Amino acid sequence: MNGPWACSATCAWIEGHDGFGALGLDDALQEAINPQTGRVHTSYSLVGAQTGRLSSTDPNLQNIPIRTAIGRQIREAFVPEPGNVLLAADYSQIELRLAAHMADVASLREAFAHGEDIHARTAREMFGEVTRDTRARAKTINFAILYGISRWGLAARLEVPAEEAQGMIDTYFLRFPGIQRYIHETLESVRSKGYSETLFGRKTWFPRINSKNQAERQGSERAAINAPIQGTSADIIKRAMVRMLPALAEGGLGDVRMLLQVHDELVFELPEARVEAATPIIRQVMAEAALPAVTLTVPLGVEIGTGMSWDAAH
DNA sequence: TATCGACGCCAC
DNA sequence: AAACGTGGCGTCGATA
């Protein structure tokens, strides 16, 4: 499996307490602990995803549960060495921010510039008021846009008739007009050239974009709408990763270890005494990673947390 | 015994 | 009939 395309195995953690097996949760992770290091070491593929994302195998450490109580228990088993802490740095809503930039949606750009709750903003624009329900619907719609929207997909997710979902899509396009133009121009370009491009010029090819098979063609269209956004996000975090250790070393922080990447998140292990100095450097490298090649019209927000486990660092 | 594909579920 | 993007992996049944 590990061909020349596989990234050097990277990191993981000290398995510090009772462990996954004792929780009765995950024998596979338990067995993945390297007896010589006491850590779990994953492998990253640099060409694992069509969009330019990394993928992680043996074990996959990019899909460790987080949403449920049991999931968080599993994350509690990922801990630093004594005297150290884990630091998790996440890009906040990076794909929606990139969509706001790429589609040049003024209201979304302004919302991000002012640090607004973007789903609440969307709810207000679309439904006139922000409630628990309208915000949840707006969040679903925002994600649907990133994934290449269809009335049927949105209808299934929101559990409403397709006609009603179409009405929401129409309203969304009316309120955020740049989105429809972005989708149209992206598809026209992919149909004629055969590939999409990230903001940095990396291409993703779509050989079935003009297929006569409807399902095949529509699937390619959805992927083509998503690829520049997801791919640009992947480009940005890779740029941050390349710059991160040199920037930390420049700041006298050569003992900070970069352990994991989870698409929009970087996880570090560092001496507790280094947290205060490392935090602003990590934040700056990530926030400025698009520069100088690309100047975004939205800020890139970075949320940073620390703790004595991967769960606690969030 | 090994391998493959469908399915369901986990993450972002 | 199905239907929103990107992945990995455990289980199951069919097959070699």
Side-chain angles (χ1 to χ4, degrees), chain A residues 1-2 6 20 25-32 40 42-75 78 88-99 102 137 139-162 165-166 168-169 172 179 182-183 186-187 190 196 198 202 204 206 209 213-237 260-267 303 310-311 314:
Chain A
M1 284 303 267
N2 286 337
F20 315 108
L25 294 176
D26 205 313
D27 290 341
L29 275 179
Q30 180 87 299
E31 289 171 12
V40 179
T42 188
S43 294
Y44 286 111
S45 171
L46 306 184
V47 293
Q50 289 295 315
T51 54
R53 276 188 176 184
L54 305 186
S55 67
S56 164
T57 61
D58 307 309
N60 180 2
L61 292 182
Q62 291 180 321
N63 71 341
I64 302 299
I66 190 173
R67 284 165 188 161
T68 65
I70 287 179
R72 287 191 290 277
Q73 276 188 289
I74 294 175
R75 292 210 174 205
F78 291 83
D90 290 70
Y91 281 112
S92 168
Q93 306 286 4
I94 185 170
E95 293 192 3
L96 277 175
R97 288 171 192 256
L98 292 174
M102 297 167 78
R137 286 172 170 240
K139 184 176 181 179
T140 298
I141 294 166
N142 275 331
F143 278 104
I145 293 296
L146 300 178
Y147 297 156
I149 199 167
S150 80
R151 74 191 70 178
W152 302 281
L154 185 61
R157 187 59 68 96
L158 288 178
E159 297 180 314
V160 300
Q166 183 62 57
M168 293 186 196
I169 295 169
Y172 192 96
I179 296 289
Y182 164 80
I183 291 172
T186 299
L187 289 178
V190 173
S196 68
T198 68
R202 190 171 45 74
T204 301
F206 296 91
I209 193 71
N213 179 298
Q214 177 180 261
E216 213 169 67
R217 184 179 66 253
Q218 291 178 340
S220 292
E221 289 173 352
R222 292 192 295 271
I225 291 165
N226 176 259
I229 299 168
Q230 185 179 124
T232 298
S233 172
D235 291 343
I236 288 172
I237 195 168
L260 289 182
Q261 188 255 42
V262 192
H263 309 306
D264 66 352
E265 170 187 12
L266 297 175
V267 182
E303 296 176 350
W310 195 5
D311 176 65
H314 272 283

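In this text, all values refer to a predicted model and were calculated from it rather than measured experimentally. Proteins get letters first, then strands, A, B, ... in listed order; numbering begins at 1 in each.
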Whole angstroms only, please: what is the CG-P distance between N142(A) and dG5(C)? 17 Å

Under 3.5 Å between N/O atoms: give me all the protein pairs with nucleotides 8-12 of chain B, atom names plus distance.
{"residue": "dC10(B)", "atom": "O2", "partner": "N63(A)", "partner atom": "ND2", "Å": "2.8"}
{"residue": "dA11(B)", "atom": "OP1", "partner": "I66(A)", "partner atom": "N", "Å": "2.8"}
{"residue": "dA11(B)", "atom": "OP1", "partner": "R67(A)", "partner atom": "N", "Å": "3.0"}
{"residue": "dA11(B)", "atom": "OP2", "partner": "R67(A)", "partner atom": "NH1", "Å": "3.4"}
{"residue": "dC12(B)", "atom": "OP2", "partner": "R67(A)", "partner atom": "NH2", "Å": "3.4"}
{"residue": "dC12(B)", "atom": "O3'", "partner": "V262(A)", "partner atom": "O", "Å": "3.3"}
{"residue": "dC12(B)", "atom": "O3'", "partner": "D264(A)", "partner atom": "N", "Å": "3.4"}
{"residue": "dC12(B)", "atom": "O3'", "partner": "D264(A)", "partner atom": "OD1", "Å": "2.7"}
{"residue": "dC12(B)", "atom": "O3'", "partner": "D264(A)", "partner atom": "OD2", "Å": "3.4"}
{"residue": "dC12(B)", "atom": "O2", "partner": "R53(A)", "partner atom": "NH1", "Å": "2.8"}
{"residue": "dC12(B)", "atom": "O2", "partner": "R53(A)", "partner atom": "NH2", "Å": "2.9"}

Between L46(A) (CG) and dT6(C) (C1'), how many Å, whole number? 16 Å

In whole angstrom, what separates Q261(A)'s CD from dT6(C)'s P? 17 Å

Side chain to side chain contact (heavy atoms under 4.5 Å, CB included) partners for D264(A), two or more places apart: D90(A), Y91(A), I94(A)

Are any side-chain N or O atoms of T198(A) and backbone N or O atoms of P228(A), one a donor and one an acceptor, separated by less than 3.5 Å? no

Looking at every heavy atom in both M102(A) and I229(A), which two are closest together, and how far apart are they? SD-CG1, 4.1 Å

Is R157(A) touching bases, backbone alone, or none of the nucleic acid, heavy atoms closer than 4.0 Å? base

If you look only at pairs with a residue in residues 216-226 of chain A, which of them pass as a salt bridge (Lys or Arg N to Asp or Glu O under 4.0 Å), with sequence neighbours excluded? R191(A)-E221(A), R208(A)-E216(A)

Interatomic distance where CG belongs to D58(A) and P belongs to dG8(C) [whole Å]: 10 Å

Gap in Å between the two C1' atoms, one belonging to dC10(B) and one to dA2(C), rounded: 24 Å

L154(A): side chain to side chain contact (heavy atoms under 4.5 Å, CB included) partners, not counting sequence neighbours: T140(A), I141(A), A144(A), I149(A), L158(A), A165(A), M168(A), I169(A)

Contacts of type salt bridge (Lys or Arg N to Asp or Glu O under 4.0 Å), residue D311(A), not counting sequence neighbours: none

In chain order, what residues pass the side chain to side chain contact (heavy atoms under 4.5 Å, CB included) check against A49(A), with sequence neighbours excluded? T51(A), R53(A)

Show me the protein contacts with nucleotides 1-3 of chain C, counting only N or O atoms at under 3.5 Å.
{"residue": "dA3(C)", "atom": "N6", "partner": "W152(A)", "partner atom": "NE1", "Å": "3.2"}
{"residue": "dA3(C)", "atom": "N1", "partner": "W152(A)", "partner atom": "NE1", "Å": "3.4"}

Measure from the side-chain heavy atoms of T51(A) and tell me the nearest of dT6(C), dG8(C), dG10(C). dT6(C)

Mind calculating the distance between CD1 (I236(A)) and P (dT6(C)) to the nearest angstrom? 19 Å

L61(A) backbone acceptor or donor facing S56(A) side chain under 3.5 Å: yes

In whole Å, what is the span from the CG atom of L154(A) to the C1' atom of dG5(C)? 14 Å

Under 4.0 Å, counting only non-hydrogen atoms across every strand here, what does A144(A) touch: a base, just sugar-phosphate, or nothing? base

C1' atoms of dG5(B) and dC4(C), separation to the nearest Å: 24 Å

Using the P atoms only, state how far dA1(C) lies from dC9(B), rounded to an integer number of Å. 24 Å

What's the CG-P distance between N226(A) and dT6(C), to the nearest Å? 6 Å

Partner set under side chain to side chain contact (heavy atoms under 4.5 Å, CB included) for I66(A), not counting sequence neighbours: R75(A), H314(A)

Listing request: all side-chain hydrogen bond (donor to acceptor under 3.5 Å, both in side chains) pairs with a residue in residues 146-158 of chain A, at least two apart in sequence or in separate chains. R151(A)-Q166(A)

Check every strand shown and say whether S56(A) touches a base, only sugar-phosphate, or nothing at a heavy-atom separation below 4.0 Å. sugar-phosphate

Is S55(A) near enough to dG8(C) that one of its side-chain N or O atoms lies under 4.0 angstrom from OP1 or OP2? yes

